[in-house]
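Everything numeric in this text was worked out from a predicted model, so none of it was measured. We name chains A, B, ... by the order of the sequence lines, and we start the count at 1 in each one.
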Amino acid sequence: MPFEKLDLSAAAPVFSWANHPLAENEARMAANVASLPFVFKHVALMPDVHLGKGALVGSVLATRDAIIPAAVGVDVGCGTVALKTPFVGDQLEGKLKQIRLDIEKMIPVGMAENAQVESEVTHWSGWRSFSALHPGVQRCEQKALKQAGSLGGGNHFIEICVDTEQAVWLMLHSGSRGIGNLLAQRHIDTARDLAKLAQMHLPDPDLAYFVSNTPEFDAYWHDLQWAQDYARFNREIMMARLKRVVEKQLAGGRPFKPLLMVNCHHNYAEREVHYGEKVYVTRKGAVRAQQGDLGIIPGSMGAKSFIVRGKGNRESYCSCAHGAGRLMSRHRAKQTFSLDDFIAQTAGVECRKDTGLIDEIPGAYKPIDGVMAQQSDLVEVVATLKQVVCVKG
DNA sequence: ATGTAC
């Protein structure tokens, strides 16, 4: 589907791939971002776009000489990793429950963290620069060590999936945990303070920004890249443990060679070239989809997920959606659905079936097929996956 | 999303 050029009377146009007409507050949020003078060319909205803090979740912005820390958000480096195994779906028969229990034993979820820090964690090179991070997080190094290789809560998940060719995939969704959150909050506070001090006129206080070539910008950029690396590493550690669980259950403990692995952020910023110019690209709930890039677009815990290949669509800043997008808030989902609804909507998925998961019920999310149909000019589908095991925090 | 406070 082609995108729509929205005229929101802001300085920059907004190109929208949304599969719904924008609500008034969503349009205002898009216009606020597009009105900032340092925004490059236009703002791109992905098919799963919805209200966020400062900027829309499912939006991509390129900036010339400034960055908005609240637009990146607090779940720095959040993303997904998927691994294709040499196993076929039939091999999982009768083993799903045990696999789920093993996952829950091997990987801390929710509030839990690792009891001891293993050498695969301490070997990460990022620990060497921990002392260079914001002074406000220095007391949290032990916690960051124990949280490396832990899932967290909310929409974070661990899944075993089977694709349409019967191949078994491992997939998980997580970010930079407490340390990334704290780093982001420290810098968001600084940006707010600076804007207030300078009596800067902003359409929204959550759009306070840092200007390049200032100490505040450099400190934020450094910590942001560190947190993004931590998030990617966190997913790698969990994927290695998940792989071992599956090896134990399906291969008598013998290691297997992955046929493919994709590890992508969907909440982050990086330097990229667009329209011949090097700019800062912020993807807030969006996945990079440069020509040939592999990406992951997960549906809800009862729906399909997709491994995709980017088409390099330049108007989207080479991006695509990061998931289905919520249809209703967690609060409304809990009011709307019962445990019986949850059990019906997660039929065929080996997962916890208790009231604590009702806010993650598939009915609280948009159907993923509509989201995929809306971005056929951004990505092509490489594999279509359906989960048979799902672990949430 | 997270961690802490209410």
Side-chain angles (χ1 to χ4, degrees), chain A residues 48-59 68-81 107-114 133-159 171-192 206 220 223-224 226-235 237-238 264-269 282-287 296 298 300-301 322-334 356-361 364-365 390-393:
Chain A
D48 56 337
V49 71
H50 59 274
L51 217 57
K53 205 164 154 60
L56 294 165
V57 176
S59 66
I68 308 163
V72 180
V74 293
D75 197 2
V76 174
C78 187
T80 46
V81 57
I107 303 176
V109 304
M111 300 291 249
E113 51 191 45
N114 292 290
L133 298 173
H134 194 287
V137 308
Q138 290 307 317
R139 64 186 168 82
C140 302
E141 187 169 9
Q142 267 310 308
K143 188 185 178 117
L145 277 157
K146 287 190 167 180
Q147 284 192 332
S150 71
L151 186 71
N155 57 8
H156 291 169
F157 65 76
I158 301 166
E159 285 183 349
M171 174 156 71
L172 63 92
H173 172 208
S174 186
S176 53
R177 310 292 285 103
I179 187 69
N181 189 307
L182 191 62
L183 280 168
Q185 284 190 42
R186 288 284 168 271
H187 291 287
I188 289 168
D189 290 348
T190 304
R192 248 178 197 268
D206 285 325
Y220 174 61
D223 290 0
L224 182 68
W226 187 94
Q228 288 172 188
D229 290 346
Y230 177 95
R232 185 182 295 275
F233 174 67
N234 178 37
R235 289 192 293 272
I237 291 290
M238 284 187 281
C264 59
H265 299 318
H266 55 226
N267 230 43
Y268 73 112
T282 299
R283 293 196 177 87
K284 186 185 184 70
V287 175
I296 304 163
S300 70
M301 67 186 292
H322 80 310
R326 286 199 86 92
L327 202 55
M328 61 180 79
S329 67
R330 294 185 181 280
H331 182 71
R332 209 180 119 213
K334 282 181 198 160
L357 282 183
I358 288 179
D359 51 352
E360 282 294 313
I361 190 170
Y365 286 87
C390 178
V391 173
K392 293 235 181 201

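Put simply, CG on A:Asn234 is 15 Å from P on B:dA1, counting in whole angstrom units. Look at CG on A:Leu172: it is 15 Å from P on B:dA1, rounded to the nearest Å. Spacing between atom NZ of A:Lys143 and atom C1' of B:dT2 amounts to 8 Å, rounded to whole angstrom units. Summarising the geometry, the separation between CD on A:Gln185 and P on B:dA1 is reported as 14 Å, rounded to the nearest angstrom. Rounded to whole angstrom, the span from the NE2 atom of A:His265 across to the C1' atom of B:dA1 amounts to 16 Å. Spacing between atom CZ of A:Arg330 and atom C1' of B:dA1 amounts to 9 Å, rounded to whole angstrom units. The separation between A:Leu183 atom CG and B:dA1 atom P is 18 Å, rounded to whole Å. A straight line from CE of A:Met111 to P of B:dG3 spans 7 Å, rounded to a whole angstrom.
In terms of phosphate contacts, A:Lys53 brings no side-chain nitrogen or oxygen within less than 4.0 Å of OP1 or OP2 of B:dA1. The phosphate of B:dA1 has neither OP1 nor OP2 within less than 4.0 Å of any side-chain N or O from A:His173. OP1 and OP2 of B:dA1 both lie 4.0 Å or more from every side-chain N or O belonging to A:Arg177. Distances shown here put every side-chain N or O of A:Asn181 at or beyond 4.0 Å from the OP1 or OP2 atom of B:dG3.
Here the straight-line distance linking atom CD of A:Glu113 with atom CD of A:Gln142 works out to 9.5 Å at 0.5 Å rounding. Note that the NE2 atom of A:His187 and the CZ atom of A:Arg192 stand 16.0 Å from one another [nearest 0.5 Å].
Considering every non-hydrogen atom in both A:Cys390 and A:Glu159, the closest pair reads SG-OE2, 3.7 Å. Counting all heavy atoms, side chain and backbone alike, A:Asp206 lies closest to A:Ala70 at O-CB, 3.1 Å.
Within the nucleic acid shown, A:Asp75 comes within 4.0 Å of sugar-phosphate atoms alone, with no base atom in reach, counting heavy atoms only.
The closest side-chain donor-acceptor pair between A:Gln185 and A:Asn181 falls under 3.5 angstrom.
Among the nucleotides B:dA1, B:dT2, B:dG3, the one closest to any side-chain atom of A:Gln147 is B:dG3.
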